[in-house]
Every structure is written in structure tokens, then in C-alpha cells.
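Read through the structure below, which is laid out as C-alpha cells, and then see the notes.
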Amino acid sequence: MEARKVKKVCCLGAGYVGASTCSVVAYKCVDLQVTIVDLDAAKIAAWNSPDLPIYEPGLQEIVETARGRNLFFSVDIDAAVVEADLIFISVNTPTKTFGLGKGRAPDLKYIEASARRIASLAKGRKIVVEKSTVPVRAAESIERIFEANRKDNVELEVLSNPEFLAEGTAMENLLNPDRVLIGGSQTASGYAAMKQLSYIYSHWVPESKIILTNTWSSELSKLTANAFLAQRISSINAISAVCEATGADVTEVAHAIGTDSRIGNKFLGASLGFGGSCFQKDILNLVYLCEALNLPEVAAYWNQVIALNDYQKRRFATRIINALFNTVTDKRIAIFGFSFKKDTGDTRESPSIYLCKHLMDEGAQLVIFDPKVKHTQVIADLKHPMISEDSSRVDRLVTICHDPYKATENTHAFVVCTEWDMFKSLDYQRIYSNMEKPAFAFDGRIVLDHDRLHDIGFHVETIGKVVGPRKFIIPTTPPPTS
Ligand code: NAD
Ligand code: UDX
């Protein structure tokens, strides 16, 4: 097949990745017709409306430019699959919640359903691209489904093309990626398919940034990239605990080590813990894979990145309770930020959810403010059975507020859980005057001016730094381990 023969692209899955990625493909490749499909009719209706189902800076403009020109959102999955020369599979691959590998292995049922649907409908030659994050050798399972359902004159070539976008900066990441990774089989048809997918990206990505590898390297690189990124956060978070115990300042330590060009300064932001739909899921995926490959030491190594993250979330919640005189029962606490990071409305695995759970377990009254997360999403997350066995406690303990000043009125404390820029410029003098005294400020993202808050009168606690006077007694010999 000639590189230029890809005319129609279909994307299965109109979620964060499928819709963002393929909207950019349509925006940049006017010679292609791109149809994004989903099982969820409400989501597709939203993509066809002015009120898009996800918030991502810059996405609205890109969708509005391309939609109706060469970008279409549809529920007619079969028609889009039949017509397409190239199909991206961008469906969800969540961690399994039941059965074998529960809580660790990725649930590949949506990938398998997509592969079976393509196999039953396909005519002629098509390129099928794994865009979802999958375990290593998932492409082999897809190929086996294709092979077992093979029809005459149908040729399906499977490629791996993992996505590296980060939410909140997805448009920047897609328009100017560090690299595009394409894995394929080391055969003439595999190589031709890789060239065709490269051709699409070459509309806006320099060729030097397009990396071609074998399929398994591509699949493993995605899991490895997320594991390395999350590992850096867990590493600096581990050091933040040492800082709090010694009087060192984690921001200064991060800056000092980040100037070493071998270490680099990115992803060294200590926090109350990482969240998001990818890091934990993908590391669990890697851990499960290592266990299946009988590599228990490797599995344990990566598992520790998650264990440390859980520790960090717990540690911060405990510090809040300790500082508030060891009881938060019936105390009003404002939560600033519910999304897992700034500039997104996504709350999946948000550390805020776990912090709220700890505080609700202790009977605290929470007033939650987030500039983008929908009210219904906050309630749904907090009523999830993993968070609240008795969902009625959320009705009793949680209020959602749309104004940060109102949210802090008569509270004993506020807690910054998400690093939204607006939190840096609030009038904290005004906030202080409307709070109960002593007023506590907990900064889980190290974004506020702690000295200023301290001067206003707040008791300030943050990650990896002690604000205000405190005595440190550092033992000269470590305590015995057993
Ligand atoms: P998502 O849940 O936002 O979207 C997935 C969509 O797929 C859903 O709308 C779902 O209805 C749809 N779907 C499921 N089965 C389908 C089918 N058979 N046909 C059509 N549609 C179907 O998920 P997401 O965040 O976009 O993630 C998708 C994949 O990309 C995952 O594997 C994820 O790990 C990976 N990824 C995500 C990110 C991110 O930042 N969210 C970044 C890189 C990679
Ligand atoms: C991540 C990867 O960055 C991206 O390449 C991949 O495609 C999907 O997973 P995402 O989860 O969207 O992207 O956001 P990211 O910026 O990586 O942040 C993840 C979490 O780590 C957030 O909760 C964020 O607040 C936290 N974080 C990030 C820190 O705590 N400290 C940091 O220095 C950076």
C-alpha cells in the first residue's frame, strides 16, 4: 500500500486520548477524513455540541476548526470501521476490579471487543493501531483474533503507537511532541504500515522525532516511561519526608539536584502524591507483567513506587489531623482543588479523593471548591464504594462551593490539593479574617507563599518543609531495625 493511500481514519474511543489525538490529526491533516466513534452516545452528543465532554486548554478551538470539515464524531461505529483505511484503538484499559489479577492486571475486554468488531467488519487492507496503553505483547493477542477470524482479501496490519500526552497540556504535547513512537512487525508489510502512519504524523512532526521500533519495544516503552516519571515523583516525595524531619527544604533540594544535567529538573515537584488515570494503572500493569514473567524482584522494585505514593497520601492526611489537635470531627475544612492536577477537570485517582476519604473517616465537614470539576463528579467520586461504604455520609459531611472565599468561611483549615494557578493569587488576608482561629493552611502542592501566610497569622504546613519555628532533634545513631 502506498503511503498516500490512507484517506480515512477511524478512532475507536472518544475519551481523553482518542478525541484529543484524533482531533489534532484532523486539524493538521486536511487531506484526511477522521471519524471518532464511541459506544457512549451521550459523550458523542457532547463532542458534537458547544459543551465538550472534557476540559483541555486549546482543545475547543481545534475541535471547532476541524469539526464538520474533516472531523466527525459518531455513534455509527460499524460504518466508520468499514470505511477506514487506518483505525486507532483508543479505548480504556482500566485495572481489573475482579477475577484473576484483580487490582493489578489491566482489563483488556474493551481492546478485545474492539479487535473482534474490526475482524468481523473489515474488508480489504487496513492498519489497526494500538493507541491505548497495553501490556507487552497485547498486539499479538489482537493479531491472533484477526488470524482466527480471517476472511479472503482481508489484510490487517497491527501497529503499536502509544500516546504520551499529559492532561492539561495535551494540545501542546500533541502539536509539538518530544517524539512519536511507532512499533510494528519486522516484515515488509509491517514496515510499510509504519511508514503510512509516519506519513500522517509527518504533516506536523519532524521526521527526526518519529521513532520506529519493533512492536514489543514500543509497548514496553510506554509502560517504562510512565514508571520512570512516577518513580521520580515517589523519589522526591520520599525525600520530602526526610526534609520535614530535618529542617531541609524539598524545593531547595529539588532545585539543587535538578541542576545536574544528568538528573534534570522536571518531575521533581514534591506533592501530596501523584494521581491521574495512568501512573498507578500502568505501574500495576508492569508489576503484574513482571510477576507473570517470574521476575519477582523487578515487580517488587516497581511496586514500591506505588507503595510510597500511598504512604505520601496517608502521611499528609495524618499531618493535617495531628496539626488540628488530633481531631477533625465536626471541624469544617475547605478543600482547594479536586482534579488530579491543574488545567483539567479529570478526577481519576485524584489525591484529593483519598485525602477527603481520610478526613471523612474522622468525621470532618468538608467544603470542596474546584474551578473545573463538576459538582456531580465530586459527589460520585466520594460516594464510590471504595471511598464511602455508607454513601449517605457524603450527604452529611460534604458541601460543594463555587467560590473559594465562601468555601473558607467559618472553616478551621483549608487544604490545597490541586495546584490551580488561581490559588496563588487569592486574598488570604480576607480568607484568614473569615476563618475560625487558630486558622490552618495546608499546602499539599507547595504553591503558596508560606512566609506571607505565616505573617498573616496562619499555622502553615506544607510538603517537605517546616514553616515557622520548630526544634529538630536528629538521632546520631539510627534506631534499631528489629
Ligand atoms: P477514556 O475512558 O477517557 O476513554 C475511552 C473511551 O473508549 C470511552 O469513552 C469508552 O466509552 C470508549 N470505548 C470503550 N470500548 C469501546 C468500543 N468497543 N468501541 C468504541 N468505543 C469504546 O480513556 P482515556 O483516558 O482516553 O484512555 C484511553 C487509553 O489511552 C488507555 O489505555 C489509557 O491508559 C491510555 N492513555 C491515557 C492517557 C490520559 O492522559 N488519559 C494518556 C496516555 C495514554
Ligand atoms: C502522565 C504522563 O505524564 C503522560 O506522558 C502519559 O501519557 C499519561 O500519564 P498525566 O497523568 O496526564 O500524564 O499527568 P502528569 O503531568 O504526568 O501528572 C500525573 C500526576 O503526577 C499528577 O497528579 C501531578 O500532579 C503529579 N505530579 C507531576 C507531581 O506530583 N509532581 C511532579 O513533579 C509532576
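Just follow the structure's listing: the first ligand is 1, and inside any ligand the first atom is 1.
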Could you tell me which atoms of ligand 2, counted from 1 in the order shown, lie closer than 4.0 angstrom to a heavy atom of [X]?
| X | value |
| --- | --- |
| Lys222 | 6 (C), 7 (O) |
| Phe274 | 20 (C), 21 (O), 23 (O), 26 (C) |
| Ser271 | 29 (C), 30 (O) |
| Glu163 | 7 (O) |

Contact table ligand 1 N or O to protein N or O, d under 3.5 Å:
| from | atom 1 | to | atom 2 | distance (Å) |
| --- | --- | --- | --- | --- |
| ligand 1 | 3 (O) | Tyr16 | N | 3.3 |
| ligand 1 | 9 (O) | Asp38 | OD1 | 3.4 |
| ligand 1 | 9 (O) | Asp38 | OD2 | 2.6 |
| ligand 1 | 9 (O) | Lys43 | NZ | 2.6 |
| ligand 1 | 11 (O) | Asp38 | OD1 | 2.6 |
| ligand 1 | 25 (O) | Arg348 | NH1 | 3.4 |
| ligand 1 | 25 (O) | Arg348 | NH2 | 3.0 |
| ligand 1 | 26 (O) | Tyr16 | N | 3.1 |
| ligand 1 | 26 (O) | Val17 | N | 2.8 |
| ligand 1 | 32 (O) | Thr93 | OG1 | 2.6 |
| ligand 1 | 32 (O) | Thr133 | N | 2.9 |
| ligand 1 | 34 (O) | Thr133 | OG1 | 3.4 |
| ligand 1 | 34 (O) | Lys281 | NZ | 2.5 |
| ligand 1 | 40 (O) | Glu167 | OE2 | 3.2 |
| ligand 1 | 41 (N) | Glu167 | OE2 | 2.9 |

How about [X]: does its [atom1] atom have over 12 heavy atoms from other parts shown lying under 6.0 Å from it?
| X | atom1 | value |
| --- | --- | --- |
| His255 | NE2 | no |
| Lys209 | NZ | yes |
| Lys266 | NZ | no |

Considering all heavy atoms of both residues, which atom of [X] and which atom of [Y] are nearest to each other, and what is their separation?
| X | Y | value |
| --- | --- | --- |
| Val447 | Lys424 | O-CG, 3.5 Å |
| Thr344 | Lys372 | O-CB, 4.2 Å |
| Thr215 | Ala139 | CG2-CB, 3.6 Å |
| Ile182 | Ile210 | CD1-CG2, 4.0 Å |

So, [X] and [Y], do they make that salt bridge, N to O below 4.0 Å?
| X | Y | value |
| --- | --- | --- |
| Glu461 | Arg319 | yes |
| Glu167 | Arg348 | yes |
| Glu140 | Arg137 | yes |

Proximity to ligand 2 by part of [X], non-hydrogen separation under 4.0 Å:
| X | answer |
| --- | --- |
| Arg445 | side chain |
| Lys266 | neither |
| Cys278 | side chain |
| Leu268 | backbone |

So which heavy atom in the protein is nearest [atom], and how far is it from that ligand atom?
| atom | answer |
| --- | --- |
| atom 19 (C) of ligand 2 | Phe279 CE1, 3.5 Å |
| atom 4 (C) of ligand 2 | Leu165 O, 3.3 Å |
| atom 12 (O) of ligand 2 | Glu167 N, 2.7 Å |
| atom 11 (O) of ligand 2 | Phe340 CE1, 3.5 Å |
| atom 16 (O) of ligand 2 | Lys341 NZ, 2.7 Å |
| atom 5 (O) of ligand 2 | Phe164 O, 2.7 Å |
| atom 27 (N) of ligand 2 | Ile233 CD1, 3.4 Å |
| atom 31 (N) of ligand 2 | Gly269 O, 2.8 Å |

Next on the checklist: Between Ile44 and Val37, is the side-chain contact (heavy atoms from CB on, under 4.5 Å) condition met? List the steps.
Outcome noted: CA-CA 7 Å; Ile44 291 296; Val37 293; 5.5 Å; no
Item to check | Geometric N/O contact Leu229 with ligand 2, under 3.5 angstrom | outcome: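 No, Leu229 has no N/O under 3.5 Å of an N/O on ligand 2.
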Checklist entry - Short question: side chain of Gln312, backbone of Ser271 - any donor-acceptor pair under 3.5 Å? => result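 Yes; at least one donor-acceptor contact below 3.5 Å.
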Checklist entry - Phe414 pairs by ring pair (Phe, Tyr, Trp, His ring centres under 6.0 Å) with which of Phe369, Phe440, Tyr428? => result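 Of Phe369, Phe440, Tyr428, ring pair (Phe, Tyr, Trp, His ring centres under 6.0 Å) with Phe414 is met by Tyr428 alone.
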Item to check | Thr93 side chain to Lys281 side chain, donor-acceptor N/O pair below 3.5 angstrom | outcome: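 Side chains of Thr93 and Lys281: pair found under 3.5 Å.
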Checklist entry - Can you tell which of Gly275, Ala254, Ala270, Gly276 gets a heavy atom nearest to atom 20 (C) of ligand 2? => result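 Going through Gly275, Ala254, Ala270, Gly276 one by one, Gly275 has the nearest heavy atom to atom 20 (C) of ligand 2.
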Next on the checklist: If I take atom CG from residue Asp449 and atom OG from residue Ser425, how far apart are they, to the nearest 0.5 angstrom?
Outcome noted: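 Asp449 CG to Ser425 OG: 12.5 Å, rounded to 0.5 Å.
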